[in-house]
Amino acid sequence: MTALSIRLPEEIDARLENLAERTGRSKTFYVREAILRHLEDLEDSYIAEQRLADLRAGRSRTYSSEEAGDMLNVES
């Protein structure tokens, strides 16, 4: 595991400290959880932006549900 140092505004640090004290978990636990949750959202957003850029640039296309069903040999 890699260590990471960050500087937080006092207000955020106080909120984090309060949460940690109330729940018996460490501040590190909550910072890690927040990063993991937000990182997933960022990854999803980046992938969506890339897909849209590819579509607009003509590097990919969309398929109707009927076309997809035909490609997968699904009967309607």
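Only this structure's heavy atoms are used, side chains among them; waters, hydrogens and symmetry mates stay out. Values in this document were obtained by computation on a predicted structure and should not be read as measured data. Along the sequence shown, residues carry numbers from 1.
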Examine L36 and L4 and state if one hydrophobic cluster contains both, with Ile, Leu, Val, Met, Phe, Trp and Tyr joined whenever side-chain heavy atoms are less than 4.5 Å apart. no
Pair R22-E17, side-chain contact (heavy atoms from CB on, under 4.5 Å): steps then yes or no: CA-CA 9 Å; R22 286 185 301 155; E17 183 69 39; over 6 Å; no
Measure the shortest side-chain to side-chain distance between D41 and R37 over non-hydrogen atoms and say whether it is less than 4.5 angstrom. no
R32 charged N/C atom sitting above Y30 aromatic ring, 6.0 Å / 45°: no
Could you state the interatomic distance from [atom1] ([X]) to [atom2] ([Y]), rounded to the nearest 0.5 Å?
{"X": "H38", "Y": "S45", "atom1": "NE2", "atom2": "OG", "answer": "9.0 Å"}
{"X": "Q50", "Y": "I47", "atom1": "CD", "atom2": "CD1", "answer": "9.5 Å"}
{"X": "R56", "Y": "L52", "atom1": "CZ", "atom2": "CG", "answer": "4.0 Å"}
{"X": "I6", "Y": "I35", "atom1": "CD1", "atom2": "CD1", "answer": "6.0 Å"}
{"X": "L8", "Y": "R15", "atom1": "CG", "atom2": "CZ", "answer": "11.0 Å"}
{"X": "D70", "Y": "S64", "atom1": "CG", "atom2": "OG", "answer": "7.5 Å"}

Minimum-distance pair of heavy atoms, taken over all atoms of [X] and [Y]:
{"X": "Y63", "Y": "E67", "value": "CA-OE1, 3.3 Å"}
{"X": "S26", "Y": "A20", "value": "C-CB, 4.0 Å"}
{"X": "L55", "Y": "R61", "value": "CD1-CA, 3.6 Å"}
{"X": "R51", "Y": "S60", "value": "O-OG, 4.1 Å"}

Donor-acceptor under 3.5 Å (T23 side chain, L19 main chain): yes
I'd like to know if the side chain of E21 reaches the main chain of N18, judged simply by a donor and an acceptor atom lying under 3.5 Å from each other, with no hydrogens or angles considered. no
